[in-house]
Peer 1: 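Here it is, the structure, as structure tokens.
In this text, all values refer to a predicted model and were calculated from it rather than measured experimentally. Counting starts at 1 for both ligands and their atoms, in listed order.
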Amino acid sequence: MHLMYFPALLFAIFSSLIAFLSSVDVVTAAPAAGTSSIKNNAAAIANQDIVPGRYVFEFTGGPSVDTNSRMLMNFLKKTFPKVRLLMPRVIDHGLLKAVTIHFERTSHTGSTGLLTSSISSDEQNAAFTDIARAVSTLGFVAHVYPVHSVHRPDTRIASIPLESADAALISPNAQTQIDRVHSELRNTGKGLTVGIIDTGVDYMHPALGGGFGPGYKVALGRDLVGDDYDGYKNTTPIPDLDPIDSCSASTGSSGHGTHVSGIVAGKSDNFTGAAPDATLGMWRVFGCTGSTDDDIIIEAMLDAYDAGVDIISMSLGDAQGWPEMLSAIVASRINAKGVPGNDGEHGAFTSSAPSVGKGVYSVASFDNNYNVVQTFDVMCSSPECKKTYVYNLGKGSDSMPSGQVVAGDINIGSTMDACDPANIPRTVSGKLALVQRGTCEFEQKTNNLAQAGAIGALIYNIEGEGSFIPGVKDAKIPLAGVAHETGVELLEDIQQGETYLTFKGQQQAAPTTTGNIVSSFSSIGPSYELGVNPNIAGVGGLVYSTLPRQLGSWGVLSGTSMATPQVAGAVALYLKSIEGKGPRPHPTYILEQFQNYAYKAPNKNGQENVDTPYRQGAGLIQVYDTIRERVHITPGDISFNDTANMQKTHTLTITNEGATPVFYKAINKISVSIIPYDSSSGYQFTEPPVFGTESAEIKFSQTNIQIAPGASVKITVSVVPPNTDPAKHIMYGGYIQLKSIGNDNYGSKDITVPYVGIVGNQHELPIYGNGTPQLTADTNPEKFTPINQNTVFVYDRKSGPKPTFMITLVSPTREISTPLYTENNVMIGYATFNEASVTNLARSISTRPVHAITWDGTYTPTLLGIRVPITFNVLPGKYRIGLNALKWFGVDEWDNWTSGIIEVR
Ligand SMILES: *[C@@H]1O[C@H](CO)[C@@H](O)[C@H](O)[C@H]1NC(C)=O
Ligand SMILES: *[C@@H]1O[C@H](CO)[C@@H](O)[C@H](O)[C@H]1NC(C)=O
Ligand SMILES: *[C@@H]1O[C@H](CO)[C@@H](O)[C@H](O)[C@H]1NC(C)=O
């Protein structure tokens, strides 16, 4: 079993990134977010992400997986005699012994043994509780996990073959010092293997080796599902040995896995990935459309691990979730195997959820310094006005027509431009219309202009903002976005006389205004446990890379999906640099080394203020310094936690692994703080977040640090949090910086350790907001009529409607307990809900403010205080239901709410 000792690192953006602050910029539509915006995070809590009736049973050990599976099937058949049971997947692996069992209803009427009425998929989910309880009596079942559905990553595609000069500018390798590792250290990752779990790869692409198998760039992997699998209608995987992505554009396929592959290790005349000579493995887990199940992802992870890859890179945006998800647990088990010799001692086969944050890299995204743009020429009456400007074609537009441009609003120059059709001049007919961005949707503006006969819309940004990509789903006329300044200058030209624009459609690299700072779509931490999360960043915004040939071969995509493979490629370079120098260090050590030397961006370009570690972690990877510097600090980041749980003092161990003494001075470099709540709206999060200047004081046990070669020095750092109102829950942060003094060679670089903390007690935060929970007969969370607490809600089983509770969560909660009371407030058991709707819930965000949970009139009774593991219909009568939400860090602290009377007939 030598494979057991094969070091594997794991990057999983899903495993520990539980953002509770949104970074969704509600004003802008650009850059087109890739996959991992916080929106997906919220989607992950939606019920549909649990696959109805499908569960993974993990075994404790016992005779063998086959025998265990047979015994389990027999038991379940006896316990639930009317349910058809299928066994789609058996996993017999050193890191996981488990079986997936699918519970299928056999008839539409009558009892199934699981539930007492006809079954909807919602109700089937409620059965999870029953199943978990039933098997808890079996000694050989350690845990039951619901199977989650993971959406296919959705991305924006632009097909752009760039020439060498532009391709060199748009490469993010300079921002991350990867170019210096290639040229100065002659390290291109040769001999290292990165395993990718994604949508497949077009390995016939000239930059990806032109073949598959031993000797080719894409040497390993397979297809676990087949083209037709969609995880929804077609749930039967047809695996084969070829991980190619040959999905045509008409399927809506995004080419995601091919893009990611190019970022890790693409190599051609005009393109260089992070580790261009590394070998790739591709485990394809998505068909051409739809989603996949997390037990398939787990199988892919174990397969990649067995294949002996050095690093696993997973950019599955939607799968961000709670650490209790089985895929996150398997991720940390694989990660623990990164330590040679510690086989089996790192919590493998513990049935309780291990801390997944450990050693699993959570990656933030920075924007590229350059973007691919197009230009147009201006011609007008005065000769001076002939100029060239940059524009971005709107999402969904193929090209802009050339022609005369006129003002698209009689009061041109406000965000209201073209929002009101009455203010659109007739002169736009047959011409291009110039309007400012804002107030109403792009769709409304362009449709109004189209109505008035305009042939195209040129939208200029709001004051102070650069060029952008306007997004409209079904634009009636082509549209494009330009910088504010461009719009202002064009307006002057228009006022001087007739002005004509020529759109050339040629593409080139041009600087971005958001280059080298955190992407607007990047998630904001911290984790639910208030650790530093994300902990490191790569370039993920506006990344040019390979696409399948049938999708145009090249394109720009954005997302933390793009930052993750860059970091994976960087780690391949790091591993290459230490080849032959003894055993590989633990993945956590490598992460720390990257954190120690990362670049810390300002909060906004042109500002001095450093951005908070809540957004950028330790900052953007600087690969050359990470490889060359011989001084190491552990831990790589620090959380002082909130006030109630404050861990005031931390010890940093600084080790000089080089051959000469080094000297530093310790200072506290503060970052901007986050003011999470708008004081006028209770505990509603501000979106986008508001930044402040509140800062902590850090006391050092010593500020002058001298370390002899081979020696370690320990210093302690203690926090004095900012003196702010605890009710505001200010999130402060900064960087402990060791300023290098008079060192040459290695040791000449400053080293930093990010820290974060919160003033206030998270467990005091309310869970519910917006006046919720509210009882209603409606099911649409966007439009419902609440029923007064004093009005009796009548639920007739035959005619419905079922009672639905609408909730807004202003804080995340691990559990909503649902006691069922009689009319006289005697508790008789627990109302049963879809498990997913009452456990591990993220906080609500503006795009999904309200969450609906529906009761079907079932409950599990309690007898002598013990919960009976069977679900029954309640008898006709009058009831109340409690929705008691566990508070943050609450062991037994709850935000309690009880409904008015619900009469079941
Ligand atoms: C690379 O750039 C050169 C020069 O700009 C161009 O002639 C060539 O076609 C490009 N190669 C590819 C494969 O696109
Ligand atoms: C913060 O404190 C809570 C409550 O004790 C704990 O569960 C959590 O792990 C702590 N966070 C960190 C990063 O230590
Ligand atoms: C609040 O809810 C919890 C969980 O259901 C329960 O244990 C506790 O007794 C409730 N507290 C009050 C005051 O009702």
Side-chain angles (χ1 to χ4, degrees), residues 16 18 20 159-171 205-208 210 262 266-272 323 353-358 362 372 506-509 525-533 535 544-547 549 552-555 613-614 617 635-650 719 731 733 754-758 760-768 773 812-821 825-827 829-831 833 838-839 862 865 867 880-899:
S16 50
I18 302 135
F20 71 91
S159 148
I160 313 157
L162 285 182
E163 304 225 322
S164 57
D166 289 312
L169 284 177
I170 200 142
S171 165
H205 193 292
L208 294 172
K267 183 185 181 184
S268 70
D269 287 357
N270 301 339
F271 182 82
T272 309
S355 159
V356 293
K358 291 278 172 333
S362 159
V372 174
Q506 228 166 24
Q507 293 168 321
Q508 63 188 65
S527 66
Y528 186 87
E529 297 291 323
L530 306 187
V532 176
N533 206 312
N535 36 42
Y544 174 75
S545 181
T546 48
L547 286 176
R549 288 158 305 151
S553 295
W554 298 97
Y614 283 119
D637 52 49
I638 290 175
S639 167
F640 293 115
N641 223 317
D642 67 358
T643 303
N645 300 292
M646 186 158 66
Q647 203 194 330
K648 194 175 167 55
T649 302
H650 288 257
V719 71
M731 301 160 70
Y755 67 82
V756 295
I758 294 180
N761 297 332
Q762 298 304 91
H763 74 90
E764 284 170 5
L765 286 169
I767 303 292
Y768 296 118
T813 180
R814 280 198 184 271
E815 183 191 345
I816 297 177
S817 170
T818 57
L820 180 72
Y821 304 99
N825 292 329
V826 177
M827 183 179 155
Y830 293 89
F833 288 92
V838 291
T839 53
T862 39
R867 205 163 163 171
R880 292 178 201 269
I881 292 177
L883 292 184
N884 303 337
L886 191 58
K887 290 205 174 199
W888 206 320
F889 292 148
V891 178
D892 204 10
E893 281 178 283
W894 304 78
D895 194 349
N896 290 13
W897 177 87
T898 304
S899 74

Peer 1: For the atom pair CD (E764) and NZ (K887), what is the distance rounded to the nearest 0.5 Å?
Peer 2: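 It comes to 7.5 Å.
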Peer 1: Which atoms of ligand 1 are found less than 4.0 Å from any heavy atom of E163?
Peer 2: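 Atoms satisfying the 4.0 Å criterion: 2 (O), 5 (O).
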Peer 1: Please identify which atoms of ligand 3 are closer than 4.0 Å to at least one heavy atom of W894.
Peer 2: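 Per the distance check, 1 (C), 2 (O), 3 (C), 4 (C).
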Peer 1: Could you check whether any side-chain N or O of S362 sits under 3.5 Å from a backbone N or O of N533, counting only pairs where one atom can act as donor and the other as acceptor?
Peer 2: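 Not a single qualifying donor-acceptor pair exists.
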Peer 1: With a 4.0 Å cut-off, strictly under, does atom 5 (O) of ligand 1 pick up any protein heavy atom?
Peer 2: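 Given the 4.0 Å limit, the answer for atom 5 (O) of ligand 1 is yes, a protein heavy atom qualifies.
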Peer 1: State, to 0.1 Å, how close N270 and L162 come at their nearest heavy-atom pair, and which atoms those are.
Peer 2: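 Closest heavy-atom pair between N270 and L162: ND2-O, 3.6 Å.
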Peer 1: Among all the protein's heavy atoms, is there at least one whose distance to atom 9 (O) of ligand 3 comes out below 4.0 Å?
Peer 2: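 For atom 9 (O) of ligand 3 the answer is no, since every protein heavy atom stays at 4.0 Å or beyond.
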Peer 1: Within 4.0 Å of atom 14 (O) of ligand 1 (strictly less), any protein heavy atom?
Peer 2: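 Yes, at least one protein heavy atom sits under 4.0 Å from atom 14 (O) of ligand 1.
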Peer 1: Quick check: closest heavy atoms across H205 and L547, and the distance to 0.1 Å?
Peer 2: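 Shortest heavy-atom separation between H205 and L547 comes out as CD2-O, 3.1 Å.
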Peer 1: Main chain of Q647, side chain of N641: is a donor-acceptor contact present, judged purely on distance under 3.5 Å?
Peer 2: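 Such a contact is absent between N641 side chain and Q647 backbone.
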Peer 1: Quick one: does D637's side chain have a donor or acceptor within less than 3.5 Å of a partner on G617's backbone?
Peer 2: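 A pair under 3.5 Å: no.
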Peer 1: Within a distance under 4.0 Å of any heavy atom of S817, pick out the atoms of ligand 3 and give their elements.
Peer 2: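 In order of number, 5 (O).
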Peer 1: Provide the number and element of each atom of ligand 2 under 4.0 Å from a heavy atom of G531.
Peer 2: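 Result: 13 (C).
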Peer 1: Is the closest N or O pair between S639 and ligand 2 shorter than 3.5 Å?
Peer 2: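 Between S639 and ligand 2, no N or O pair is found under 3.5 Å apart.
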Peer 1: Less than 4.5 Å apart, side chain to side chain, heavy atoms only: is that true for T546 and W554?
Peer 2: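 Yes, their side chains come closer than 4.5 Å.
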Peer 1: Using a strict cut-off of 4.0 Å, indicate which atoms of ligand 3 neighbour a heavy atom of N896.
Peer 2: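 Once the distances to N896 are compared, the set is 1 (C), 2 (O), 3 (C), 8 (C), 10 (C), 11 (N), 12 (C), 14 (O).
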Peer 1: With a 4.5 Å limit on heavy-atom distance, are the side chains of Y830 and L820 in contact?
Peer 2: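 The answer is no, as the side chains (C-beta and beyond) never meet within the 4.5 Å cut-off.
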Peer 1: Could you say whether the N/O atoms of D892 and ligand 3 ever approach to under 3.5 Å?
Peer 2: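 No, no N or O pair falls under 3.5 Å.
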Peer 1: Taking only heavy atoms of N645, which atoms of ligand 2 are found under 4.0 Å from at least one of them?
Peer 2: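 Result: 2 (O), 4 (C), 5 (O).
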Peer 1: Kindly say whether A509 contributes a backbone atom to a donor-acceptor pair with the side chain of D166 at under 3.5 angstrom?
Peer 2: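 Checked: pair present.
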Peer 1: Among D166, L162, N270, which one has a heavy atom closest to atom 12 (C) of ligand 1?
Peer 2: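 When every heavy atom of D166, L162, N270 is considered, N270 comes closest to atom 12 (C) of ligand 1.
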Peer 1: Between V756, N641, D642, flag the one that comes closest to atom 1 (C) of ligand 2 by a heavy atom.
Peer 2: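 Result: the heavy atom closest to atom 1 (C) of ligand 2 is in N641.
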